[in-house]
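Below, read A as the first sequence line, B as the second, and so on, with proteins coming before strands; counting in each chain starts at 1. The structure displayed is predicted, hence computed values, not measured ones.
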Number of protein chains: 2
Amino acid sequence: MEASRVKLMLVDDHPLVRDGLRLRLATVPGFEIIAEADDGVAALAALERQEPDVVLMDIAMPGANGIELVKKLHELYPQVQVIMLTMHDQPQYVVEAFRQGARGYVLKDSPAQEIVAAIHAVMAGKRYYSAGVADALAAGATPAPLLTQREQEVLALIAEGRSSKEIASSLNLSVRTVETHRLNIKRKCELEGSSALVKFAVERKWTGL
Amino acid sequence: MEASRVKLMLVDDHPLVRDGLRLRLATVPGFEIIAEADDGVAALAALERQEPDVVLMDIAMPGANGIELVKKLHELYPQVQVIMLTMHDQPQYVVEAFRQGARGYVLKDSPAQEIVAAIHAVMAGKRYYSAGVADALAAGATPAPLLTQREQEVLALIAEGRSSKEIASSLNLSVRTVETHRLNIKRKCELEGSSALVKFAVERKWTGL
DNA sequence: GGCCGGCTCCGTGCCGCCACATAGGGGAAA
DNA sequence: TTTCCCCTATGTGGCGGCACGGAGCCGGCC
């Protein structure tokens, strides 16, 4: 634990949530918010100017998503601790976030002091899971789906609600080829049924890939 | 505009967002937050004890959703002004919210002072639309999807990625009946294809119905 | 060069979904 | 009471997705 104040950076696309975080954390002695950003690009730009101790980051943001951002951030600034904030406790993202270097994971619908606890934990070199996230980690042993380029393209169009025939003409492929990709995606992600595939695709898109 | 302070009530299931609202609004002279609630049931209970001038309400909440809550609230307490808060500017909900008696509609990703402006507007007897919502109103000539109880139940299970057969056994219905409901939902919501239906259902669930 | 994995395409039978239509029972409003 | 909507269920023909198989092409790696 440093003698100086803990320097924080907030990354969330909702001003209201940033307000909540800022005004809440400003009352905590020893905390100092040195930067805010509303997306990944702004976050990386802010990091070039000043380096925080802890980054509080929403997992679902327009443009680059939280998972990719935490990955880049961990590559460029490995000493910066990242805490993910999220509305939903989806196992696959929790696991992926930690795999990419996140140190904490807090649900937005948990008590506000959990965030303070999370910051203290990661500053002490520990990890922090919000209540309920531990369950997600236990259940979600799935390390990574790892889809190929083409499969991701197909999945993106599935998330648009398109049929195999429409996807085929969009990508200039045979319908049978698209169906093969669908089948492979379902196998890799352990999905059963076409609707489960669509659900998976839509949720993936909503959380930013 | 009253001589006394404006009494506010906050309804949102995210403590963080309530923090942001409370701490932001507390600094505004003439505003007083008399109650908070994290869902529709708690909101109605709080209203029995003390009546606010304005209710700030999230549209997406677990349990009863914001649209139904504003309807009930407007029936029981017609003099209470309701301002809807939301993450997403989906036309159908904007239109439906106003139809059910809401007086204002503010996006959570708009500047925080918009909320103050909205409160002043509705207290002056005016309506308030966040920037961008006007576009949604113009574009969304769709009056209301208006799904029946049973259709909403079916839709909720579709959002889980379930097949018609699974839904049928869950609700103790014939598979053909579930298919009839599917068909009716698609007709009402002008959807084409099973995947578009699943997409619609999942997105609806993510935005809280 | 040989091997492996990804991308592409195809056949076939099966099952689920789709769109059209019909129809009886029940409850609520006019 | 009559009317209207909702919920329920069913028939039929057609189309689309699913799961199993095989196969050729290409690029990277050993």
Q | Whole-Å gap separating C1' (D:dC7) and CG (B:N172) | A | 14 Å

(Q) OP1 or OP2 of D:dC7 versus the side-chain N and O atoms of B:T148: is any pair under 4.0 Å? (A) yes

Q: Please check the phosphate of D:dG17 (OP1 and OP2 only) for any side-chain N or O of A:S164 closer than 4.0 Å.
A: yes

Q | A:R103 side chain to A:I83 backbone, donor-acceptor under 3.5 Å | A | no

Q | Between D:dG27 (C1') and A:Q149 (CD): distance, integer Å | A | 16 Å

Q: Using a cut-off of strictly less than 4.0 Å, decide whether B:H181 has a side-chain nitrogen or oxygen near OP1 or OP2 of D:dA9.
A: no

Q | Residue B:K186, side-chain heavy atoms: nucleotide from C:dC18, D:dT10, D:dC20 that is nearest | A | C:dC18

Q) Any idea which of D:dA9, C:dA19, C:dC17 is nearest the B:L183 side chain? A) C:dA19

Q: Ignoring backbone atoms, establish whether B:T177 has a side-chain N or O less than 4.0 Å from OP1 or OP2 of D:dA9.
A: yes

Q: Please determine, for the side chain of B:R176, which listed nucleotide (D:dG11, C:dC9, D:dC7) has the closest atom?
A: D:dG11

**Q.** First encountered from the 5' end of DNA chain D, between A:V175 and A:R187
**A.** A:V175

**Q.** Rounded distance (Å) that lies between atom P of C:dC17 and atom CG of B:L197
**A.** 11 Å

Q.
Working to the nearest 0.5 angstrom, can you tell me the gap between B:S163 OG and A:E192 CD?
A. 10.5 Å

Q.
Base, sugar-phosphate or nothing for A:T180? Non-hydrogen atoms, less than 4.0 Å.
A. base

**Q.** N/O (side chain, A:R150) to phosphate O (OP1/OP2, C:dT8) under 4.0 Å
**A.** yes

Q: Using whole Å, report how far CD1 of A:I185 lies from C1' of D:dG17.
A: 14 Å

**Q.** Rounded interatomic separation in angstrom, taking CG from A:L173 and C1' from C:dC10
**A.** 14 Å

Q. Salt bridge check: are A:R22 and A:E36 linked by an N-O gap of less than 4.0 Å?
A. yes

Q. Would you say A:K165 reaches D:dG17's phosphate, i.e. side-chain N/O to OP1/OP2 under 4.0 Å?
A. no

Q: Return the nearest nucleotide to the side chain of A:S163; candidates are D:dG17, C:dC18, D:dT8.
A: D:dG17

Q) Separation of B:L191 atom CG from C:dC17 atom C1', in whole Å? A) 15 Å

Q) Which one, C:dC9, C:dG11, D:dC18, comes nearest to the side chain of A:E179? A) D:dC18

**Q.** Proximal nucleotide (of D:dC18, C:dC7, C:dC20) relative to the A:R182 side chain
**A.** D:dC18

Q | Between C1' of C:dG16 and CD of B:E166, the distance in whole Å | A | 12 Å

(Q) Categorize B:S174 for me: base, sugar-phosphate, or nothing, with a 4.0 angstrom heavy-atom threshold over every strand shown. (A) sugar-phosphate

Q) Just by distance, do the side chain of A:D53 and the backbone of A:K7 share a donor-acceptor pair under 3.5 Å? A) yes

Q. Would you call A:E179 and A:R176 a salt bridge, taking side-chain N to carboxylate O under 4.0 Å as the test?
A. yes

Q) Hey, are A:E75 and A:K72 close enough for a salt bridge, meaning a charged N less than 4.0 Å from a carboxylate O? A) no

Q: Report the distance from atom CG of B:N184 to atom C1' of D:dC5, rounded to the nearest whole Å.
A: 12 Å

